[in-house]
Amino acid sequence: MLVAVFMCNPLCNALAQDWAKERLNKSPRHGEWVDLKSGERTIKAFVVYPERKEKTPVVIVIQEIFGLTDWVRGICDQLAENGVIAIAPDLLSGQTYSDADGARKAISALTKEQIKSDLDAASDYALKIPAGNGALAVCGFCWGGGVTFSYANENPKLKAAYSFYGPAPDEASKVANIPCPVFGFYAENDARVDATIPKAEELMKAAGKKYEPVIYKGAGHGFMRSGEPSNPNFREGDKKARDEAWTRWKKLLTEL
């Protein structure tokens, strides 16, 4: 997983999301880029802190297949708005590409070992943040939603995993070590991903694990982004699903 600092990386211009960046620029919360050591590499991560005096849980945010876009950074800010620290490792650190297709190809070329190494680096950093209370969770969207479910099987320190419209596991070995509840957020109009849910339910139940998938009616894949009112590609059906998903997610975050 590689990281791109959007101010410097061509990806920032290629995948600019002015509507999402505007919200970030207006945020009163503190956001910053940090360097993380991942094996022999140094990667970047974007961290946002809530405005509160108490120590708080930390949520690792895994990007979509388009990379660490302004919208993903905006999700970090929205998580902080709801009382938790959010950290998003840039899994495409040091790579450059000119368009969304280039980002997809770069992410698809990442090895499982590199992805785990980068997420472990984010996890190690998160658990050492002085403002953190020791509780750690992970979330991800689309491609990152699938990675979220996979990483839950690889990090015994997680307290919760929130998988947004990402493919679910299809083998017992991929759920055997999950230490925490997995909460799924899925779209009704997303047959490809939804088809993976029943098998995952079967596997999680057999392994004695907690898996709570919810399918939001009228929503399409990517509804957390396309349901944003300021998104020029805004879809009304997705807004309702997004609002319902956030209501559910906010409650779950208080349980960390």
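Counting begins at 1 with the first residue of the sequence. Only this structure's heavy atoms are used, side chains among them; waters, hydrogens and symmetry mates stay out.
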Next on the checklist: Does K112 form a salt bridge (Lys or Arg N to Asp or Glu O under 4.0 Å) with E154? I'd like the steps, not just the answer.
Outcome noted: CA-CA 11 Å; K112 293 181 180 179; E154 298 173 332; over 6 Å; no
Checklist entry - Stepwise, does the salt bridge (Lys or Arg N to Asp or Glu O under 4.0 Å) test hold for K116 with E113? => result CA-CA 5 Å; K116 182 179 184 302; E113 293 75 18; over 6 Å; no
Backbone N or O of [Y] within a donor-acceptor pair of the [X] side chain at under 3.5 Å?
{"X": "K159", "Y": "C180", "result": "no"}
{"X": "D35", "Y": "T42", "result": "no"}
{"X": "N153", "Y": "F149", "result": "no"}
{"X": "N231", "Y": "W19", "result": "no"}
{"X": "S163", "Y": "G184", "result": "no"}
{"X": "E188", "Y": "G218", "result": "yes"}
{"X": "S38", "Y": "R41", "result": "no"}
{"X": "T148", "Y": "G144", "result": "yes"}

Are side-chain heavy atoms of [X] and [Y] found at a separation under 4.5 Å?
{"X": "L253", "Y": "L79", "answer": "yes"}
{"X": "E202", "Y": "V175", "answer": "no"}
{"X": "E228", "Y": "Q78", "answer": "yes"}
{"X": "P213", "Y": "E201", "answer": "yes"}
{"X": "P28", "Y": "E51", "answer": "yes"}
{"X": "S226", "Y": "R242", "answer": "no"}
{"X": "K37", "Y": "Y125", "answer": "no"}
{"X": "E255", "Y": "L252", "answer": "yes"}

Item to check | Test side chain to side chain contact (heavy atoms under 4.5 Å, CB included) applied to D243 and K239, step by step | outcome: CA-CA 6 Å; D243 291 346; K239 178 184 183 302; 2.8 Å; yes
Checklist entry - Is the ring centre of W249 less than 6.0 Å from the ring centre of F164? => result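 Between W249 and F164, the centre distance is under 6.0 Å.
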Checklist entry - Can R248 be said to sit on top of F185's aromatic six-ring, NZ or CZ under 6.0 Å from centre and within 45° of the ring axis? => result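 Judged by the rule, R248 and F185 form a cation-pi pair.
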Checklist entry - Passes salt bridge (Lys or Arg N to Asp or Glu O under 4.0 Å), R73 versus D77? Steps please. => result CA-CA 7 Å; R73 295 198 298 134; D77 183 68; over 6 Å; no
Output the distance between atom [atom1] ([X]) and atom [atom2] ([Y]), rounded to the nearest 0.5 Å.
{"X": "R235", "Y": "K240", "atom1": "CZ", "atom2": "NZ", "value": "15.5 Å"}
{"X": "H221", "Y": "Y165", "atom1": "NE2", "atom2": "OH", "value": "7.0 Å"}
{"X": "I178", "Y": "L203", "atom1": "CD1", "atom2": "CG", "value": "9.5 Å"}
{"X": "F66", "Y": "W71", "atom1": "CZ", "atom2": "CH2", "value": "10.5 Å"}
{"X": "N189", "Y": "I215", "atom1": "CG", "atom2": "CD1", "value": "10.5 Å"}
{"X": "K209", "Y": "N177", "atom1": "NZ", "atom2": "CG", "value": "7.0 Å"}

Next on the checklist: The test is side-chain hydrogen bond (donor to acceptor under 3.5 Å, both in side chains); show your working for Y151 and D120 and say whether it passes.
Outcome noted: CA-CA 9 Å; Y151 189 60; D120 283 347; 2.6 Å; yes
According to a 4.5 Å side-chain heavy-atom criterion applied to Ile, Leu, Val, Met, Phe, Trp and Tyr, with indirect links allowed, do [X] and [Y] form part of one hydrophobic cluster?
{"X": "L119", "Y": "I65", "value": "yes"}
{"X": "I43", "Y": "I107", "value": "yes"}
{"X": "M224", "Y": "V193", "value": "no"}
{"X": "L127", "Y": "I62", "value": "yes"}
{"X": "F141", "Y": "Y211", "value": "no"}

Next on the checklist: Run the salt bridge (Lys or Arg N to Asp or Glu O under 4.0 Å) test on D170 and K174 for me, step by step, so that the C-alpha distance in whole Å, both residues' side-chain angles and the decisive distance to 0.1 Å come before the verdict.
Outcome noted: CA-CA 7 Å; D170 57 0; K174 296 178 181 179; 2.9 Å; yes
Return the minimal non-hydrogen interatomic distance between [X] and [Y], and the atom names on each side.
{"X": "L158", "Y": "P179", "value": "O-CG, 3.9 Å"}
{"X": "G67", "Y": "V72", "value": "O-CG2, 4.0 Å"}
{"X": "A187", "Y": "A219", "value": "CB-O, 3.3 Å"}
{"X": "Y216", "Y": "A245", "value": "OH-CA, 3.7 Å"}
{"X": "F183", "Y": "K210", "value": "CE2-CE, 4.3 Å"}
{"X": "G220", "Y": "D238", "value": "N-OD1, 2.9 Å"}

Next on the checklist: Set out, in order, the CA-CA distance, both residues' side-chain angles and the distance that settles side chain to side chain contact (heavy atoms under 4.5 Å, CB included) for K157 and D124, then state yes or no.
Outcome noted: CA-CA 10 Å; K157 299 174 183 178; D124 292 343; 4.3 Å; yes
Next on the checklist: Determine whether L36 and V34 satisfy the following criterion, side chain to side chain contact (heavy atoms under 4.5 Å, CB included), listing intermediate values before the conclusion.
Outcome noted: CA-CA 7 Å; L36 307 180; V34 298; 4.0 Å; yes
Checklist entry - Would N155 and V138 satisfy side chain to side chain contact (heavy atoms under 4.5 Å, CB included), going step by step from the backbone distance to the final call? => result CA-CA 10 Å; N155 188 336; V138 63; over 6 Å; no
